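None of the values given here were measured: they were computed from a predicted structure. Only this structure's heavy atoms are used, side chains among them; waters, hydrogens and symmetry mates stay out.
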Amino acid sequence: MNPLIVGLTGGIGSGKTTICEEFSRLGVPVIDADHIAMDVVAKGQPALHDLSRHFGPQILNRDGSLNRSELRTIIFRDQQQRAYVEKLLHPLILQKIREQVESCDTPYVIVEIPLLIEAGWQQQVDQILVIDLPEELQIKRLQERSGLDHLTIEQIMASQLTRSERIEYADQIIDNSGDPGELLKIVSNLHHQFLQLSEMRHR
Ligand code: ADP
């Protein structure tokens, strides 16, 4: 079977992990794009070799693993280098996502992609599910979860799309401003919709 691909996205601290757990509980496979993005630059991977050839040894930690904060700093201040890194890594990440999707024998799968829209991957998924909540609540939950200070959180949020920009691309939206207990019902409703959509596709 060729599962329907639901791309789940939302800002930092919007509740992606929490909501993915709910889908998982219903038996839906959840593929984590961030996890895959780390795998493709793990020690010994050809892409890590390419990065160290391009940026020099300062991109590596002493143990030969990728120095993520160094890479983040470089691509934050230089658009051209960001483009280089994306051109190198995005096809590898997409290929791995595809392989994992194809190995799933379910009507649909969730692919959690925090930067789905920022990366321009709208066409890579069949449905875009956006997790939405007011920014004040997002900041409050993030502070409680991570202990990050207000300024750092605002800087991260400023580098991501705004609520309204993200919502423009949504096929479905989860309003995660309520209690966690409400999520069960919301997710279970969406689950049925995605099952129906998948069935319609195969008719
Ligand atoms: P993301 O994966 O998008 O960064 P998380 O799922 O980790 O976000 O959620 C951020 C924080 O908010 C976590 O501490 C989580 O437990 C909490 N959280 C998520 N959804 C809710 C909710 N509906 N009510 C209260 N807290 C929530």
Side-chain angles (χ1 to χ4, degrees), residues 5-17 20 29-104 109-125 128-131 135 138-139 141-143 145-163 165-166 168-169:
I5 305 173
V6 177
L8 182 148
T9 193
I12 181 170
S14 58
K16 297 181 293 298
T17 311
C20 282
V30 175
I31 296 167
D32 179 344
D34 267 356
H35 202 271
I36 292 176
M38 286 193 206
D39 281 353
V40 301
V41 288
K43 243 164 109 172
Q45 290 298 313
L48 183 60
H49 188 64
D50 291 342
L51 287 176
S52 73
R53 259 211 322 238
H54 182 83
F55 291 113
Q58 81 270 19
I59 205 71
L60 299 178
N61 294 312
R62 272 168 189 267
D63 67 358
S65 62
L66 177 64
N67 183 338
R68 288 176 190 285
S69 67
E70 178 68 23
L71 183 62
R72 240 191 325 265
T73 308
I74 294 172
I75 64 178
F76 244 77
R77 59 167 188 242
D78 189 331
Q79 275 301 323
Q80 264 186 335
Q81 300 301 354
R82 173 185 292 269
Y84 165 81
V85 172
E86 289 182 350
K87 196 162 172 228
L88 174 71
L89 301 185
H90 282 189
L92 299 172
I93 298 167
L94 284 171
Q95 176 60 25
K96 282 214 177 248
I97 291 177
R98 248 176 249 129
E99 283 167 16
Q100 292 197 12
V101 168
E102 281 162 18
S103 74
C104 293
V109 298
I110 299 279
V111 188
E112 180 188 350
I113 315 177
L115 301 179
L116 193 161
I117 297 153
E118 287 87 338
W121 286 359
Q122 297 88 312
Q123 305 304 322
Q124 307 293 332
V125 299
I128 298 180
L129 171 58
V130 168
I131 318 301
E135 272 136 14
Q138 185 181 2
I139 293 170
R141 286 186 187 162
L142 254 180
Q143 276 178 324
R145 181 190 73 181
S146 61
L148 288 176
D149 62 87
H150 209 281
L151 184 66
T152 309
I153 291 176
E154 280 187 352
Q155 278 171 344
I156 296 172
M157 283 170 65
S159 73
Q160 303 186 339
L161 289 182
T162 63
R163 280 178 84 186
E165 285 169 331
R166 196 177 285 110
E168 263 186 54
Y169 293 90

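- With hydrogens and angles disregarded, no donor-acceptor distance shorter than 3.5 Å links the side chain of E118 to the backbone of Q160.
- In the displayed structure, Q58 atom CD is contacted under 6.0 Å by more than 12 heavy atoms of other residues, nucleotides or ligands.
- Without hydrogens or angle criteria, E165 side chain to T162 main chain gives a donor-acceptor distance under 3.5 Å.
- Here the shortest heavy-atom pairing between Q100 and I36 reads NE2-CD1, 3.8 Å.
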_Residues R145, L142; criterion side-chain contact (heavy atoms from CB on, under 4.5 Å); working and verdict_ = CA-CA 5 Å; R145 181 190 73 181; L142 254 180; 3.3 Å; yes

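- Aromatic ring pairs are classed by plane angle as parallel below 30°, tilted from 30° to 60° and perpendicular above 60°; the pair H54 and Y84 is parallel.
- No donor-acceptor distance shorter than 3.5 angstrom exists from the side chain of N67 to the backbone of I59, with no hydrogens or angles considered.
- Summarising the geometry of L48 relative to G64, their closest heavy-atom pair is CD2-O, 3.5 Å, with the distance given to 0.1 Å.
- The side chain to side chain contact (heavy atoms under 4.5 Å, CB included) search around T9 returns L116, I117, I128, V130, R166, not counting sequence neighbours.
- The two residues A47 and V40 have their closest heavy-atom pair at CB-O, 3.4 Å.
- In this structure, R141 CZ and I153 CD1 are separated by 13.0 Å, a value rounded to the nearest 0.5 Å.
- Annotation: side chain of V125 is not in contact with side chain of Q122 (no heavy-atom distance under 4.5 Å).
- Summarising the geometry of A33 relative to I93, their closest heavy-atom pair is O-CG2, 4.4 Å, with the distance given to 0.1 Å.
- Taking CD1 of I75 as the reference point, atom CZ of F55 lies at 8.0 Å (rounded to 0.5 Å).
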Given E112 and D34, is the side-chain contact (heavy atoms from CB on, under 4.5 Å) satisfied, shown in steps? CA-CA 8 Å; E112 180 188 350; D34 267 356; 6.0 Å; no

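- Residue Q143 holds its CD atom at 8.0 Å from CG of D149, rounded to the nearest 0.5 Å.
- Taking CD1 of I31 as the start and CD1 of I110 as the end, the distance is 10.0 Å to the nearest 0.5 Å.
- In this structure, the separation between CG on D32 and NE2 on H35 is 6.5 Å, given to the nearest 0.5 Å.
- With hydrogens and angles disregarded, a donor-acceptor distance shorter than 3.5 Å links the side chain of K16 to the backbone of G11.
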query = Run the side-chain contact (heavy atoms from CB on, under 4.5 Å) check on Q138 and E135 step by step: do they pass?
reply = CA-CA 5 Å; Q138 185 181 2; E135 272 136 14; 3.9 Å; yes

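- The CG atom of L89 sits 7.5 Å away from atom CG of L71, with the distance rounded to the nearest 0.5 Å.
- Looking only at distances, no side-chain donor or acceptor of N61 sits under 3.5 Å from a matching main-chain atom of D63.
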Run the side-chain contact (heavy atoms from CB on, under 4.5 Å) check on L148 and I156 step by step: do they pass?
CA-CA 11 Å; L148 288 176; I156 296 172; 4.1 Å; yes

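- What you find for A119 and H90 is that their closest heavy atoms are CB-CE1, 3.8 Å.
- A pairwise comparison of heavy atoms in F76 and R82 identifies CA-NH2, 4.1 Å as the closest pair.
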